[in-house]
Amino acid sequence: MEKTIDNLDRKILEIVMRNARIPSKDIALVCGVSRAAVHQRIQRMIDIKVITGSGYNVDPKVLGYTTCTYVGVNLERGAMYRDVVPELEKIPEIVECNYTTGPYTMLIKVYARDNEHLMDLLNNRIQMIPGVTGTETLISLDNSINRVIPVHYDEK
């Protein structure tokens, strides 16, 4: 199935990316189409994986995870990425993993309860994965920008 979207799809995306809980009738009103059309468009974008998820954004601090870190991970060989990712997936505090260029083979985002918990995750979990040769940890002091990618469409 082809991943092409038109201006109406883009307009719908712009709305639901800002509020996934908005009723279809409200989207339909803004877009000038029926609720059924909105529902069909959203379902199609889910089917072709333009929309890959939905849910609620939860503040990790409320759940007791006060330390946010970015960890650069180096591997023996870049090709080991495919073997290391399933091991990282077993660590629930890792919320994001990227295969990168530059000084690290991978960059992961980790939430920890505190520095002691972070040290345990690094020393006893992440660095113990076969193929991991080293890590460098950057602690996030504040998240100043957190937004969705802009959706551009022609207004006609």
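Just the heavy atoms: all of them, side chains too, but no hydrogens, waters or symmetry mates, feed the values below.
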Only counting residues at least two apart or in another chain, list the ones meeting side chain to side chain contact (heavy atoms under 4.5 Å, CB included) with [X].
X: K109; answer: C68, Y70, V95, E96, Y111
X: V148; answer: M17, R18
X: R82; answer: A79
X: D26; answer: I22, P23

Rounded to the nearest 0.5 Å, what's the gap from [atom1] on [X] to [atom2] on [Y]? Could you check?
X: I48; Y: Q43; atom1: CD1; atom2: CD; value: 11.0 Å
X: K61; Y: T66; atom1: NZ; atom2: OG1; value: 8.0 Å
X: T137; Y: N115; atom1: OG1; atom2: CG; value: 10.0 Å

Q. Are H117 and E93 close enough that a side-chain donor and a side-chain acceptor fall under 3.5 Å?
A.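 Side-chain D/A pair, H117 to E93: present.
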
**Q.** Between Y104 and E136, a side-chain donor and acceptor under 3.5 Å
**A.**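 Distance-only check passes for Y104 and E136.
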
All side chain to side chain donor-acceptor pair (under 3.5 Å) counterparts of [X], not counting sequence neighbours:
X: Q127; answer: T135
X: K90; answer: E87
X: D120; answer: N124
X: Y81; answer: none

Q: Please write out which residues are connected to Y56 in a hydrophobic cluster, directly or through intermediates, given that two of Ile, Leu, Val, Met, Phe, Trp, Tyr count as joined at side-chain heavy-atom separations below 4.5 angstrom.
A: none

**Q.** Closest contact, heavy atoms only, P103 versus N74
**A.**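 Heavy atoms of P103 and N74 come nearest at O-OD1, 3.0 Å.
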
Heavy atoms, side chains only, cut-off 4.5 Å: are [X] and [Y] in contact?
X: R113; Y: T67; value: no
X: R44; Y: V50; value: no
X: L138; Y: V71; value: no
X: I12; Y: L8; value: yes

Q: For T133 and L75, run side chain to side chain contact (heavy atoms under 4.5 Å, CB included): C-alpha distance rounded to whole Å, both residues' side-chain angles, the deciding distance at 0.1 Å, then the answer.
A: CA-CA 5 Å; T133 59; L75 305 179; 5.7 Å; no

Find out if a path of hydrophobic residues (ILVMFWY) with successive side-chain heavy-atom gaps under 4.5 Å connects [X] to [Y].
X: I46; Y: V151; result: yes
X: I15; Y: I149; result: yes
X: L107; Y: V85; result: no
X: I91; Y: Y65; result: no
X: M106; Y: I139; result: yes

(Q) Could you go through L88 and I108, starting from their C-alpha distance and side-chain angles, then the distance that decides it, and tell me whether this counts as side chain to side chain contact (heavy atoms under 4.5 Å, CB included)? (A) CA-CA 9 Å; L88 293 173; I108 59 176; 4.1 Å; yes

Hey, can you pull the donor-acceptor pairs under 3.5 Å for the side chains in residues 28-42, sequence neighbours left out?
from, atom 1, to, atom 2, distance (Å)
S34, OG, A37, N, 3.0
R41, NH1, D6, OD1, 2.7
R41, NH1, D6, OD2, 2.9
R41, NH1, D9, OD1, 3.0
R41, NH2, D6, OD2, 3.4

Q.
Check whether S140 reaches the backbone of T69 with its side chain - one donor and one acceptor, N or O, closer than 3.5 Å.
A. no

Q. Does N98 reach the main-chain N or O of T100 with its side chain, forming a donor-acceptor pair under 3.5 Å?
A. no

**Q.** side chain to side chain contact (heavy atoms under 4.5 Å, CB included) between N146 and N57, worked out
**A.** CA-CA 11 Å; N146 187 5; N57 294 322; over 6 Å; no

